[in-house]
*Asks:* 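First the structure, which I've put down as structure tokens, then a few questions once you've had a look.
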Amino acid sequence: PILDKEHSFWMDYRTRVTFNQNIDGTSSSSSSSSPPLLLSQFYSDENAPRPEEYSVDEEHNADALRLGTMQDGKIYSQLRAVAESGMDFSSRWFRVSSQLVTIDAKNVLPVDLNAILLRNEQLMQSWFEDKDVWSGSVFSGSQAASKATQYGTWASARQSSMMRLM
């Protein structure tokens with residue numbers, strides 16, 4: 001189903017799994033037996049101005065360089081990530097409140113995004129477990145059971161990760 005494809009996008013391109021590492025990339029003091037964190041974020045690896053905001057992004061890049069807050073061009077992927085979220089450029093994304101040149105979207109793990117993905121994982125697990133729902137689909141019984149298990153695993157890992165960071 002289309003929801004399975006959408007979830008695959010988030011898992012393949014926007015989900016981070018970290019072992020014994022803080023979100024900022026520094027080593028964690030927790031034991032090596034700690035389970036990994038499985039969390040998603042808005043992200044872009046495109047280091048070019050957004051076409052629809054080209055001149056504005058160029059100005060932000062010049063400001064970031066002038067103030068020494070980022071290397072040349074690094075702000076573009078940050079601006080793209082926030083734009084991808086569909087949310088306003090609020091202080092949620094900045095290291096220093098109200099200073100856009102301190103944008104740091106790559107180190108933000110949005111609770112709302114992860115809550116939505118968690119609920120989707122729970123619903124997809126339930127869907128794949130219900131034979132009446134998938135029986136007319138392209139999935140065989142064993143494929144559906146495997147998908148249900150996988151979605152359950154992801155949901156459990158995501159929920160555990162969210163609780164660890166609260």
*Asks:* May I ask you to decide whether Arg92 forms a salt bridge with Asp112, counting only side-chain N to carboxylate O separations under 4.0 Å?
*Replies:*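 Yes.
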*Asks:* Looking at CD of Gln99 and OG1 of Thr69, how far apart are the two atoms once the value is rounded to the nearest 0.5 Å?
*Replies:*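 If we round to the nearest 0.5 Å, Gln99:CD and Thr69:OG1 are 8.5 Å apart.
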*Asks:* Who are the side-chain contact (heavy atoms from CB on, under 4.5 Å) partners of Tyr13, not counting sequence neighbours?
*Replies:*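 Listed in chain order: Phe9.
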*Asks:* Does any non-hydrogen side-chain atom of Leu79 lie less than 4.5 Å from one of Leu100?
*Replies:*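 A side-chain contact exists here, since the closest heavy-atom pair is under 4.5 Å.
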*Asks:* What heavy-atom pair brings Trp10 and Leu113 nearest, and what distance separates the two atoms?
*Replies:*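 Closest approach of Trp10 to Leu113, heavy atoms only: CZ3-CD2, 3.7 Å.
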*Asks:* Report the C-alpha distance between Tyr76 and Glu58 in whole Å, list the side-chain angles of each, state the deciding distance to 0.1 Å, and finish with yes or no for side-chain hydrogen bond (donor to acceptor under 3.5 Å, both in side chains).
*Replies:* CA-CA 9 Å; Tyr76 300 134; Glu58 286 286 302; 2.6 Å; yes
*Asks:* How many angstroms lie between atom CG of Asn47 and atom CD of Gln78, to the nearest 0.5 angstrom?
*Replies:*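 Result: 9.0 Å between the selected atoms.
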*Asks:* Can you name the closest pair of heavy atoms from Pro49 and Arg80 and give their distance?
*Replies:*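 Taking every non-hydrogen atom into account, O-NH2, 3.0 Å.
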*Asks:* Do you reckon Leu123 sits in the same ILVMFWY cluster as Trp127, going by side-chain contacts under 4.5 Å, direct or chained?
*Replies:*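 Leu123 does not cluster with Trp127.
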*Asks:* In terms of heavy-atom contacts, does CD of Gln159 have more than 12 from other residues, nucleotides or ligands at under 6.0 Å?
*Replies:*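 No, because the 6.0 Å sphere around CD of Gln159 holds 12 heavy atoms or fewer from other groups.
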*Asks:* With a 4.5 Å cut-off on side-chain heavy-atom distances among I, L, V, M, F, W and Y, is there a chain of contacts connecting Leu3 to Met11?
*Replies:*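 Looking at the clustering, Met11 is in the same group as Leu3.
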*Asks:* Please check: side-chain N/O of Ser156 versus main-chain N/O of Gly152, any donor-acceptor pairing under 3.5 Å?
*Replies:*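 Not a single qualifying donor-acceptor pair exists.
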*Asks:* Distance only, no hydrogens: is a donor on one side chain within 3.5 Å (strictly under) of an acceptor on the other, for Gln143 and Ser140?
*Replies:*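 Looking only at side-chain atoms, Ser140 and Gln143 do form a donor-acceptor pair, the distance falling under 3.5 Å.
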*Asks:* Using modelled atom types only, decide if a donor and an acceptor are shared between the side chain of Ser126 and the backbone of Gln122 within a distance under 3.5 Å.
*Replies:*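 Flag not set: sc Ser126 to bb Gln122 has no pair under 3.5 Å.
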*Asks:* Which residue is it: Met124, Gln150, Glu121? I am looking for the one with a side chain to side chain contact (heavy atoms under 4.5 Å, CB included) to His7.
*Replies:*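 The single option meeting the side chain to side chain contact (heavy atoms under 4.5 Å, CB included) with His7 is Glu121.
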*Asks:* If you take all heavy atoms of Gln41 and Asn107, which pair is closest and at what distance?
*Replies:*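 In terms of heavy atoms, the two residues are closest at NE2-N, 4.3 Å.
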*Asks:* Taking a hydrophobic cluster as the set of Ile, Leu, Val, Met, Phe, Trp and Tyr residues connected by side-chain heavy atoms closer than 4.5 Å, whether directly or through intermediates, do Val82 and Phe94 fall within one such cluster?
*Replies:*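 Yes, same cluster.
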*Asks:* Closest approach of Ala81 and Phe42, non-hydrogen atoms and distance?
*Replies:*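 Ala81 and Phe42 have their closest heavy atoms at O-CB, 3.4 Å.
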*Asks:* Quick check: closest heavy atoms across Ser85 and Trp93, and the distance to 0.1 Å?
*Replies:*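 Answer, listing the atom of Ser85 first, then Trp93: OG-CZ2, 3.7 Å.
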*Asks:* Hey, any chance Leu65 and Met70 share a hydrophobic cluster, counting ILVMFWY side chains that come within less than 4.5 Å of each other, even indirectly?
*Replies:*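 Shared cluster, no.
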*Asks:* Side chains of Gln125 and Glu129: any donor to acceptor distance under 3.5 Å?
*Replies:*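 A donor-acceptor contact under 3.5 Å links the two side chains.
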*Asks:* Taking the side chain as C-beta and beyond, is there a heavy-atom pair between Ile103 and Ile75 under 4.5 Å?
*Replies:*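 The answer is yes; the side chains approach within 4.5 Å.
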*Asks:* Is it the case that the side chains of Tyr151 and Asp4 hold a donor-acceptor pair, with the cut-off being a distance below 3.5 Å and no angle test?
*Replies:*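 Yes, Tyr151 and Asp4 have a side-chain donor paired with an acceptor closer than 3.5 Å.
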*Asks:* Would you please test Leu39 and Met162 for side-chain contact (heavy atoms from CB on, under 4.5 Å) and show each step?
*Replies:* CA-CA 8 Å; Leu39 296 164; Met162 290 171 72; 3.7 Å; yes
*Asks:* Please answer whether the main-chain N or O of Val96 pairs with a side-chain N or O of Thr102 as donor and acceptor at a distance below 3.5 Å.
*Replies:*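 Present.
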*Asks:* Out of curiosity, does Val108 fall in the hydrophobic cluster containing Phe89 (side-chain heavy atoms, cut-off under 4.5 Å, transitive links)?
*Replies:*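 As far as the 4.5 Å side-chain criterion goes, Val108 and Phe89 are connected within one cluster.
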*Asks:* Report, as yes or no, whether the 6.0 Å neighbourhood of atom CG on Asp88 holds more than 12 heavy atoms from other residues, nucleotides or ligands.
*Replies:*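 No, because the 6.0 Å sphere around CG of Asp88 holds 12 heavy atoms or fewer from other groups.
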*Asks:* At what distance, to the nearest 0.5 angstrom, does CZ of Phe128 lie from OG of Ser146?
*Replies:*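 Separation between the atoms: 9.5 Å.
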*Asks:* Strictly by modelled atom types, are Thr15 and Ser40 linked by a side-chain donor-acceptor pair under 3.5 Å?
*Replies:*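 Indeed, the side chains of Thr15 and Ser40 share at least one donor-acceptor pair under 3.5 Å.
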*Asks:* What are the two closest non-hydrogen atoms of Arg158 and Leu118, and how far apart are they?
*Replies:*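 Closest approach of Arg158 to Leu118, heavy atoms only: CD-N, 3.6 Å.
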